[in-house]
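Take a look at the structure set out below.
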There are 2 protein chains.
Amino acid sequence: MFTFDQLAGFIAVAEELHFGRAAERLNMTQPPLSRQIQRLEKIVGAELLERDNRKVQLTHAGQAFLEEARRLMALADRAPVTARRIASGRSGLLRIGFTAASGLSILGPLLEEISGILPDVDIDLQELVTGEQISGLLTGELDLGLARPPFNDEVFDSHLLYSESMMLAVPENHPLTELNREVRAEDFKDEPLIMHSPTQARYFYDLVVRALPISHSNVVHTVSQILTMVSLVAAKRGVAFVPHSATFLGIQGVRFLPLQGGDNEAVELHAIWNRKVENPALARLLRDIEFSME
Amino acid sequence: MFTFDQLAGFIAVAEELHFGRAAERLNMTQPPLSRQIQRLEKIVGAELLERDNRKVQLTHAGQAFLEEARRLMALADRAPVTARRIASGRSGLLRIGFTAASGLSILGPLLEEISGILPDVDIDLQELVTGEQISGLLTGELDLGLARPPFNDEVFDSHLLYSESMMLAVPENHPLTELNREVRAEDFKDEPLIMHSPTQARYFYDLVVRALPISHSNVVHTVSQILTMVSLVAAKRGVAFVPHSATFLGIQGVRFLPLQGGDNEAVELHAIWNRKVENPALARLLRDIEFSME
DNA sequence: CGTCATTACGGAATGCGTAATGATA
DNA sequence: TATCATTACGCATTCCGTAATGACG
């Protein structure tokens, strides 16, 4: 295989069409340059330069090889730069998981802040429930998650992004909308309930069950996505407990009522990541970001 | 700058994720491979492999650099092949000039034969009068011409492609079309004549003047292109002497009549090229072609 | 103590620069 | 004879392989 020095030598001679000047440009003497070209031609297996003792000229093969040589040199020059950019986290790919609800509120401002810090980093977004994010972070398929507790603090580092209160979602024109005060447990004891899945949306399920006296006989649906919940409420299938950010969904026919004791901002959203940070882009992000979105 | 050996070493290690096996694959021992990678990393300016004494793993920068390294190796492998193909004339570019009349007859079959011999050669076609072809061949802007004599035999080599007879082009319904015999000089002594330019189409001009008694007072137009001539005949501006292949033009309103003594096939078309053949594709063509198109 | 990457060291090969040669106008 | 590419030769550097070292399970 030829060497980059040989390529550089050939390019210089091809451009100068003069061994002496080319050698000068390369800060060397003619003889080694002459030998470089000879070796290169032998390796390539074709005459690249036609040299009459008076003038130097590119052959057709030499013209074609010159293009390839320039491409090679350009690629070789750029490759380390790319690698260093990625190593420093200024380039690369950041894969972020987020829950449907966080997509409505925090995701936009967060992405804006990230792209300010890492302008050349490609960002891969996936809507995933917390459990899927956790396993993605463990296998390395994900770099950062926007998810809800609980998660293993030994494996994951995290930052609380915000807390919000739970609301009661009811159909428009439902009697409870006339209440004009916080909804109490006895107010919905006879209402059909749309509940969270205790497995798929364990966080919400536990939160609701812990905070409110739920009659399980009233549960008419068990779902895992907040969007599904609100849609079912709009279809008048029952009432549901949702985080405040569900109000951003903008679904028609649903009203959101405050819950008594619901203003304790119990619903948390965290940015979480594997403590063993492997992606330099994530390392740089964590170094520079202020988790200060309102 | 790094070397191709370093790149090959890095690719092998990145694929095997094991210095020992990679070294084996490269027919060398581990220590120099280890040093190659170290040097490469130093040159690149980023850690490419994370090596724990138990396992080897690519860093993100390493993954990106691996792609670049593969591209470089592939390009470097292909470049000499391309150069050799062009040197042997199996690839490259062949620039051919042709006269308008030859475009109607010989050009098609000739191109078919050429592309059979040089399937990977790009062919550049330009319609040019003989004089333009000659200068193109001299400056190297053209590799091969399809042109008419005379040309300098010391500079150009040539091959007679075919001879054809001259015809008299007359407008439809012209009295001469009733003749039903070869046209003689006295038949057109009073006809308006469309003649060739003595400078731009010297070959035809000389040929006609030498063979036929022309009354220059009858000349109403002097043009250089056969297509122009035939168009003027169709417009009933006069009669003209054209080579037989002009019948292929398919212009409406023109009849072609045989000339007395015109069947001596005096109009020649030659393939001509500079004796100093520089284009390998032309060299290969001349080696393999049978100039045997009917 | 076995595995596997890295450092230590001696020898061969590569490749530079200086000097000589050759070829051409 | 001047110019310019090429060959000749001596020396420094590079880079391999073998051997020794070091770290980790």
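No hydrogens, no waters, no symmetry mates; every other heavy atom, side chains included, goes into these values. Per chain, numbering begins at 1; letters A, B, ... match sequence-line order.
- Taking E15(A) as the reference, R25(A), R70(A) meet the side chain to side chain donor-acceptor pair (under 3.5 Å) condition, with sequence neighbours excluded.
- Axis orientation changes by 20° from one end of the helix from dC1(C)-dG25(D) to dA25(C)-dT1(D) to the other, with each end axis drawn from 5 pairs and the value rounded to 10°.
- Interface limits on DNA chain C: the 5'-most and 3'-most nucleotides within less than 4.0 Å of chain B heavy atoms are dG2(C) to dC9(C).
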Kindly determine whether H270(A) and F156(A) satisfy ring pair (Phe, Tyr, Trp, His ring centres under 6.0 Å), including the steps that lead there. CA-CA 11 Å; H270(A) 296 250; F156(A) 298 109; over 10 Å; no
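- With sequence neighbours excluded, the residues forming a side chain to side chain donor-acceptor pair (under 3.5 Å) with R95(B) are D143(B), listed by chain and number.
- Between F4(B) and F4(A), the angle of the ring planes stays under 30°, which puts this pair in the parallel group of the 30/60° scheme.
- The nearest whole Å value for the distance from the CG atom in L33(A) to the C1' atom in dC4(D) is 12 Å.
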Expected rows: protein N/O vs nucleotides 8-15 of chain D N/O, under 3.5 Å:
unit_1 : atom_1 : unit_2 : atom_2 : d
dA8(D) : N6     : R35(A) : NH1    : 3.3

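- Residues of residues 16-27 of chain B that place a heavy atom closer than 4.0 Å to DNA chain C, in numerical order, are H18(B), F19(B), G20(B).
- Screening I289(B), L118(B), L285(B) for a side-chain contact (heavy atoms from CB on, under 4.5 Å) involving E113(B) leaves a single residue, I289(B).
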Test log, rule salt bridge (Lys or Arg N to Asp or Glu O under 4.0 Å), inputs D157(A) and R275(A): CA-CA 5 Å; D157(A) 202 351; R275(A) 284 185 186 276; 3.7 Å; yes
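- Between the Q133(B) side chain and the L146(B) main chain, a donor and an acceptor come within less than 3.5 Å of each other.
- No donor-acceptor pair closer than 3.5 Å links the side chain of S34(B) to the backbone N or O of Q30(B).
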